[in-house]
Amino acid sequence: MHKIIAANWKMYKDRTQAATTAGELAAVLPEILPAGREVIVFPPFTAIESVARVFDGKKGLAVGGQNFYPAPEGAFTGEISIDMLRDVGAQWVLAGHSERRHVFGESDELVARKAVFALSHGLKTMLCIGEKLEEREQGSLYAVLERQLMAFFEARPDGMAGETLPGRLAIAYEPVWAIGTGKVAGPGEVREAHGVTRALLERFVGDSGKKLPILYGGSVKPDNAGALIALDNVDGLLVGGASLEAQSFLQIIGA
Ligand code: PEP
């Protein structure tokens, strides 16, 4: 399976800063990006267009939106639509990032509805799942991942069969306790969670579940990226803090 290395720039960088970092990536990646690797950058909304312009026509580089509201348009003050994201060059969206779930209170049901909406309206979707520390300590890893994935797979309309998902849906496993904390999950923990996720994907969509990439996210840095991406069922990385500087993100991409 090809590997996806994604950068979540969260609420960092204005347009100039984003275009500068994107330019540093675009200057070298088309030559050095290993075959079968894809890079996606999720900038803040105001910088999506600047990054999309820099990436335009560069093989293996894509841009996405960190959030959106699941309606075509309407009286939703402060929200942004899938068509608006596409209009500024986004090819991907994130759904269910742990900061959306736990800082902004997005429920499994809303996250599922958003992922279904984005896919139905033609944007590739990275659905983020992951347990909180207390859930892991209570032995609820399986139950949490099952609940989060089931919400999405059960919300799908009839036309969104499993076979239609590879190539446009990616899963990001991000243990909440490892995001932005400097605590990376150990190889055993990542192997276990990705194995559980793979088994659940196969349960929900059969063989198509083998073809859905599962990214790991949570304090990925240049010095741990190589070991993480080599683990079974780790088909990519979703990187926050260490993606903000081009040099550090380039080291992760090449790991
Ligand atoms: C993230 O934002 O998805 C993330 C994994 O952040 P960090 O790499 O900073 O832990």
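Computation of the quantities below employed the complete heavy-atom set of this structure, encompassing side-chain atoms and omitting hydrogens, waters and symmetry-equivalent molecules. This chain uses plain numbering: 1 for the first residue, then up along the sequence. Order of appearance sets the numbers: ligands from 1, and atoms from 1 within every ligand.
In terms of polar-atom proximity, G241 is counted as a contact of ligand 1, with an N or O under 3.5 Å from an N or O of the ligand. The shortest N or O to N or O distance between G217 and ligand 1 is not below 3.5 Å. Annotation: E174 places an N or O atom under 3.5 Å from an N or O atom of ligand 1; distance criterion only.
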Step-by-step side-chain hydrogen bond (donor to acceptor under 3.5 Å, both in side chains) determination, T21 to K13: CA-CA 9 Å; T21 310; K13 295 186 188 291; 2.9 Å; yes
How far apart are the C-alpha atoms of L238 and Y216, what are their side-chain angles, what is the distance that settles it, and do they pass the side-chain contact (heavy atoms from CB on, under 4.5 Å) test? CA-CA 6 Å; L238 176 54; Y216 169 79; over 6 Å; no
D56 and R53: CA distance, side-chain angles, deciding distance, salt bridge (Lys or Arg N to Asp or Glu O under 4.0 Å) verdict: CA-CA 5 Å; D56 189 32; R53 282 212 182 105; over 6 Å; no
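Remark: K3 does not engage E38 in a salt bridge, criterion side-chain N to carboxylate O under 4.0 Å. Using a cutoff of 4.0 Å between basic side-chain nitrogens and carboxylate oxygens, D83 and R86 are scored as salt-bridged. Between D232 and R198 there is no salt bridge, since no side-chain N of the basic residue sits under 4.0 Å from a carboxylate O of the acidic one. The pair R101-E106 does not meet the salt-bridge criterion, since no charged nitrogen lies less than 4.0 angstrom from a carboxylate oxygen.
Atoms of ligand 1 found under 4.0 Å from any heavy atom of H97, numbered from 1 in the order shown, are 1 (C), 2 (O), 3 (O). For ligand 1, the atoms lying closer than 4.0 Å to a non-hydrogen atom of L238 are 3 (O), 5 (C). Close approach of ligand 1 to G180 is summarised as follows: ligand atoms under 4.0 Å from at least one heavy atom of the residue are 7 (P), 9 (O), 10 (O). The atoms of ligand 1 that sit less than 4.0 Å from any heavy atom of A178 are 10 (O). Remark: ligand 1 atoms within the under-4.0 Å shell around heavy atoms of G218 are 5 (C), 10 (O).
Using a 4.0 Å heavy-atom cutoff, K221 is absent from the residues neighbouring ligand 1. In this structure, A242 does not count as a contact residue of ligand 1, since none of its heavy atoms falls inside 4.0 Å of the ligand.
Nearest non-hydrogen protein atom to atom 8 (O) of ligand 1 is G240 N, 2.8 Å.
Contact annotation for N8 and ligand 1: only side-chain heavy atoms (C-beta onward) come within less than 4.0 Å of the ligand. Neither the backbone nor the side chain of S98 has a heavy atom within less than 4.0 Å of ligand 1.
The cationic atom of K114 (NZ for Lys, CZ for Arg) does not lie both less than 6.0 Å from the six-membered ring centre of Y69 and within 45° of the ring axis.
Under the 3.5 Å distance criterion, with hydrogens and angles disregarded, a donor-acceptor pair is assigned to the side chains of E131 and W177.
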